[in-house]
Every structure is written in C-alpha cells, then in structure tokens.
Number of protein chains: 2
Amino acid sequence: MTIQEIDPRITQTRAKALEAALMLIRDCGIGQVTHQSVSAKSGISRSTLYRHWPEVSDLLNDAFVLVSKPPISEFVSQGSLKADLYHLLSGLVSAIQNTEWGKIVPQLIAAAAVNKGSADLLHEFVQERLEVAEQIILAARRRGEYNSDITPENFLILIIAPVYYRFLLAGFPIDDDWIEGHVNSVSPLFKNRSR
Amino acid sequence: MTIQEIDPRITQTRAKALEAALMLIRDCGIGQVTHQSVSAKSGISRSTLYRHWPEVSDLLNDAFVLVSKPPISEFVSQGSLKADLYHLLSGLVSAIQNTEWGKIVPQLIAAAAVNKGSADLLHEFVQERLEVAEQIILAARRRGEYNSDITPENFLILIIAPVYYRFLLAGFPIDDDWIEGHVNSVSPLFKNRSR
DNA sequence: TCACTATGCAACAGATTGTTCTATAAGTTA
DNA sequence: TAACTTATAGAACAATCTGTTGCATAGTGA
C-alpha cells in the first residue's frame, strides 16, 4: 500500500504548459490560448499538449484552477475593525495590482459568463474569500465594535465591491488614501441599526 | 452642399453583421468571434466582412460600441433619495438580468484588460453613467436629504458596486428585497459626517 | 539491467484564414 | 427611363492552423 508516485515528467510538463497558458491568458485573453500558442510559449510539443488536454477548455480550466487556489492566510486581527478592514483592502488591492490575479480575473469573469465550470470556480473562490473575511466582522462583533442589521456578508461586499468596481469597470486608481477614506466612509455603519 | 447619403446596403450589412457578432459574444465569448462565424450567423459573405472589418478586433470594437451607447434616460426624481436609489438599482439590475448588457459586459471587461480601445470604451460608459446618476445625489443635497463627506461619486459607487460584485464575481441572486435592504443599509450614510 | 511510458518529431488530412477576381444585383444620378 | 457607380456573393487559392497518428528517443521505476 505504497503512495502512488507521479512521474516527474508529467508534473513538469503540466507546470510549464499551465504557466505558459496563464501568460497567454493574462496578456492576450483566453481567445488566444490554443495548443499551438501554448506549445510555442512553453516549448512543450503540440502532441504532448493534446495528450494532456484534448480540448483547449480543459487547459484553460486547469490554468484557472491554478490561479484561483492561492494560499489563504490565517486571520490575525490588527486590533480594531477599521484596521482589519484597511488591512483586508490593502491585501486585495495589492493582489489586484501586483500579482497575476488582477490580470487573470477579468478573463475568468468572461469565461464564467459562457462556461459553467469557470463560473463554479470563480464563485467558489469568491465565496471562500468572503467566509475568511467574515472572521473580521465576527471578531469585531465579539469586541462590541460591530452591531448592525447588515449581515457580515453584505457588509463585506459593501467594503470589497467598490475596489473591484473601480478596477474592473471604471478604471479608477486605487491608492492607500482612497482605501483609508473608503473605510472611514462606511465606519458609521458599524453600529447603526436601520429600522 | 448636400448631406452625404449612405448606401443603405452598407447600413444593412453593418447592422446584420454586428447583431450576429453580439450574439456570438454573448453566447460564446469574444474568442469565438471570427469572420467565418459571423458570416455563418448573419448570412453576410466572408469577403464582405473582410472588406468592412479587416481585423476581428475592428468588428468586436464596433459591436461593443453598439452595446455601450444605450439611450440615457432623463433624470426624474421619485421624490426621495431612497426612492431614487431604489429606482436606479432596479433599472441597473433589470438591464443586467433582462438585456444583452448583462451578457456582454463580462466579455467587455475581459477585452478591456488586454485592449486599450475596449478599455476606453468601457471606462467612458461607466463614467457617463456615474455622471447621470450624480443628479440623484445633487437633487437630494438641494432638498437637504444628503449631507455627507462622501463625494457623490464615491457614494454612488458604494451603492452600485455591490450589484456588479454579486452579478460578476459572486454569482449571488439579486432581487427587489435585496435592493431594498441594500438601500436601507447605506441610508445612515446620507447625513453622517465622518471626522 | 529491463520494462514502461512520457515526450518530441514528422507526417498527414481536413478545416480555417486571408486575399483576389468576377458576375450580379442594388443603389444613384441624369 | 437609361447609364453609371458601387456593394455584395461566390468561387478559387495559397498559407496557415487543427487534430491525429506512428515512431524513435530518453527519462523513470523496479
């Protein structure tokens, strides 16, 4: 009952090909991803690519899986709700502006609109992130900092959504000052109870 | 000095081809839009399509222009800020759920990420809509209903962004109850002044 | 060492792409 | 109406791309 060893050649081929695919997705969009273009970019032969991924959609899916499963860091409170929210948004903005994620997510959104597999992947990713971020609100509630009719989920979306809106739709810049102002803007909602 | 008459054959060809292109974008994504597929869907011959749009990107661009220039309705206040915001979101959600716009915008976002022309188009569209919606806030301010440090633009994004987030990223449903709850959630901000 | 198998390469038929030419039909002008 | 101008459809084409296969090679595990 030994553990199944995986041929390192397969691992290498997959890694190289998916990295090339991600570069193509990022720079040219999913429409430019073909067995041929991935072969040219990765050095993997076309026949090998067909053997691993008979359809381009299989390749795209694996590439999206790769980028939508980043490590989720443990929640450590910064001490206050405002500080935690600022920290959350800083991380998000940094991921969007300085990592592959920012370049890939628009393509994943487009893929999700026409492909159920991609949609499931994207929604699962977002759901997972929301659940992690919910710890922020629950911790604040325990400290008595958060006491609102707004559900943690809706409140988090209120915080996070403008970042994506500015980035994906408006093309507005996002800097530390804006993040700080944004957190301050919503802070009156921490304790308001609407009726 | 007569007005230049446009050959109706050209107008027809363009209309038919762009309609077909939009259907392909909506159903299959921009990657599936080719002169051939548009020809098959529209009945326009391939050679004619090449004459009108030498590159696929030209065709895509014209299609996106078509869909991103919808008529902007005059602002008529519903009487209160809450009612105006509810009205604004209802219209947006309806456009997203019941018209082409909802199916096309994910593709336009993806195109914008790799193509400056598409990006300009999208950002201009969003900017224009924000400016129209700003009338809501300005009217509320005149009535004394809105008095906040949050700029009208930032406030509107706070209102609008969660709709797009739920639709594009989370895949969450959006119904009238949610819209109403959302407007109520942010209503404490109408008059709050943060410090 | 030996069996196994993933890879690269060449070759291939079939489809797609981009271009050009010609006949025809539709539009415009007088 | 007749004479013109022009847009389109269709065919044909070389070039490229797609998907598949067979085979030699080289890396892997026992």
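Lettering follows sequence order; numbering is per chain, from 1.
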Open item on the list: So B:Y164 and B:I174, do their side chains get closer than 4.5 Å, heavy atoms only?
Closed with: no

Task: Minimum side-chain heavy-atom gap B:I30-B:L108 below 4.5 Å - done: no

Open item on the list: Has A:H52 got a side-chain atom pairing as donor or acceptor with A:I10's backbone, closer than 3.5 angstrom?
Closed with: no

Phosphate OP1/OP2 of [N] contacted by [X] side-chain N/O (<4.0 Å):
{"X": "B:T48", "N": "D:dA9", "result": "yes"}
{"X": "A:Y50", "N": "D:dT20", "result": "no"}
{"X": "B:H52", "N": "D:dA7", "result": "no"}

Open item on the list: To the nearest 0.5 Å, what is the distance between CD1 on B:I159 and CG on B:N154?
Closed with: 12.0 Å

TODO: Would you give the length of the straight line joining atom CZ of A:F64 to atom OG of A:S57, rounded to the nearest 0.5 angstrom?
DONE: 11.0 Å

Open item on the list: Which is more 5' along DNA chain C, the nucleotide nearest A:G43 or the one nearest B:V56? Just name the residue.
Closed with: A:G43

Whole angstrom is fine here: how far is it from [atom1] in [X] over to [atom2] in [N]?
{"X": "B:Q36", "N": "D:dG10", "atom1": "CD", "atom2": "C1'", "result": "14 Å"}
{"X": "B:Q12", "N": "D:dA7", "atom1": "CD", "atom2": "C1'", "result": "12 Å"}
{"X": "B:I10", "N": "D:dA9", "atom1": "CD1", "atom2": "C1'", "result": "16 Å"}
{"X": "B:K16", "N": "D:dA7", "atom1": "NZ", "atom2": "C1'", "result": "12 Å"}

Task: Opening and closing nucleotides of DNA chain C in contact with chain B, under 4.0 Å to non-hydrogen atoms - done: C:dT16 to C:dT28

- [ ] Using only heavy-atom distances, decide whether a donor-acceptor pair under 3.5 angstrom links the side-chain of A:R46 to the base of D:dG19.
- [x] yes

- [ ] Please report the shortest heavy-atom distance between B:V38 and B:A17, naming the atom on each side.
- [x] CG1-O, 3.7 Å

Open item on the list: Quick check: closest heavy atoms across A:E134 and A:P152, and the distance to 0.1 Å?
Closed with: CG-CB, 3.6 Å

Task: Under-4.0 Å salt bridge between A:E124 and A:K69 - done: yes

Open item on the list: Each nucleotide in nucleotides 22-30 of chain D should get exactly one letter: B, S or -. Can you fill that in based on protein heavy atoms under 4.0 Å?
Closed with: B---BBSS-

Open item on the list: Ring centres under 6.0 Å, that's the criterion: do A:F190 and A:F155 meet it?
Closed with: yes

